[in-house]
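Numbers restart at 1 for each chain; the letters A, B, ... are given by sequence-line order, proteins then strands.
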Amino acid sequence: MPELPELEILKRELRPYVLGRQVKELVVPEGKGGDCAVGEWKEALEGATITGVERRGKMLVLHVDSGFSLIVHLMMVGQLLLRSVYNGVPNDVQLMLVFEDDQLFLGQVHLKFLRLVPTADLDQMPQLSELGRDPLGEAFGPEILGEMLAQRRGKIKSFLLDQRHLAGIGNTYSDEILFEARISPTRVASSLNADEVRRLHGSVVRTLQRGLELGGSSEMAFVHLDGSKGIFQEQFRVKGRKGKPCLVCGTPIEKTSVGGRGTYFCPSCQE
DNA sequence: CAAAGAACCTGGCGGC
DNA sequence: TGCCGCCAGGTTCTTT
């Protein structure tokens, strides 16, 4: 799934190509674009220059100098492809931004999560304003994590998945994070001792960084701007490994459901 | 208000 | 071949 590392990758790849570039045309193919107001979107985007690309949790926000911002959430299957580096024709283009010398495709996005809003209103958008801390941000340390966990009576996996606490972790990374931290996904968040909190913090940061370095997880639809795949999924330690031996102790990995989400863990290593 | 569960949405897959 | 139900995990709503 596209989670923090995947969106961070797209942000970094996108910046050199689109920053300072003028949008010549917004193209919405026949029958595509969901219920986005094409006329208003054209007015806001065509002729405007892209002034910023930032990531908020699992969302990408493109700012343009006409005073609007485009919020993109890829959900499970969305893709962003750039014509100048992508060799081929995307098969489901929902929306395309045409630049002087390039074209940016938004494909297979869940359009409910594609929004164009005045930049001044961005901070009032609940999807953004209710987001929690960025786990790769400088201010995120073990002490802060400990404070966040202290009052939580829910399961630690549910805490990691809740975007209001830490923004950007999804079902794939949460399982890998908890395995590395040797903490059971069903542990009550506030029950973690100081050492476990330190391990969890280190694991959150290292696991997300590792995902980044491996080009993200292309287990499902995620690809880079040029269509290439990441390889993090080849190094999953628990995700999708039900019944296979734990890479640390050999015990078969188990699959259960936590918070309604498929959850893989080692019953021996994780307590 | 926090937590849990169900619901909704998308695409993919297996069974019939 | 299509249809259907189910699963997946992203969010959001509803209930407790």
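Counting heavy-atom neighbours within 6.0 Å of Lys32(A) NZ, excluding the residue itself, gives a total above 12.
In this structure, CG of Leu7(A) is placed 12 Å from C1' of dG10(C), rounded to the nearest angstrom. At whole-Å resolution of the value, CD in Glu3(A) and C1' in dA8(C) are 13 Å apart. Computed from coordinates, the Leu114(A) CG to dG10(C) P distance equals 19 Å when rounded to whole Å. When rounded to the nearest whole Å, the span between CE of Met76(A) and C1' of dA8(C) equals 5 Å. In this structure, the CD atom of Glu6(A) is 10 Å from the P atom of dG10(C), given to the nearest Å. Atom CD of Gln127(A) and atom C1' of dT12(C) are 10 Å apart (whole Å). Here dG10(C) presents its P atom at 11 Å from OH of Tyr173(A), a figure rounded to the nearest Å. Atom CG in Leu160(A) sits about 16 Å away from atom C1' in dG9(C), given to the nearest Å.
Thr256(A) and Thr263(A) share no donor-acceptor pair across their side chains, judged by distance under 3.5 Å alone.
Close to dG9(C), at under 4.0 Å from its OP1 or OP2, lies no side-chain N or O of Lys58(A). For dT11(C), the OP1/OP2 oxygens have a side-chain nitrogen or oxygen of His73(A) closer than 4.0 Å. When the side-chain nitrogen and oxygen atoms of Lys157(A) are compared with OP1 and OP2 of dG9(C), none of them lie within a distance under 4.0 Å.
Taking the six-membered ring where tryptophan is involved, the planes of His73(A) and Phe113(A) are tilted, since the angle between them lies from 30° to 60°. Between Phe140(A) and His201(A), the ring-plane angle classifies as tilted under the 30° and 60° cut-offs. Using cut-offs of 30° and 60° on the angle between ring planes, the pair His224(A) and Phe222(A) is tilted.
Taking the side chain of Lys255(A) as heavy atoms from C-beta on, and the options dT11(C), dA8(C), dG10(C), the nearest nucleotide is dA8(C).
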> After noting the C-alpha distance and the side-chain angles of Asp102(A) and Tyr17(A), does the key distance pass the side chain to side chain contact (heavy atoms under 4.5 Å, CB included) rule?
Replying inline: CA-CA 9 Å; Asp102(A) 217 340; Tyr17(A) 287 105; 4.1 Å; yes

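Residue contacts for Gly78(A): at a heavy-atom cut-off of 4.0 Å it reaches no nucleic acid atom on any strand shown.
Under the 4.0 Å criterion applied to side-chain N and carboxylate O atoms, Lys24(A) and Glu100(A) are assigned as salt-bridge partners.
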Under-3.5 Å N/O pairs linking protein and nucleotides 2-6 of chain B:
residue: dA3(B); atom: OP1; partner: Arg153(A); partner atom: N; Å: 2.4
residue: dA3(B); atom: OP1; partner: Gly154(A); partner atom: N; Å: 3.2
residue: dA3(B); atom: OP2; partner: Arg152(A); partner atom: NH1; Å: 3.3

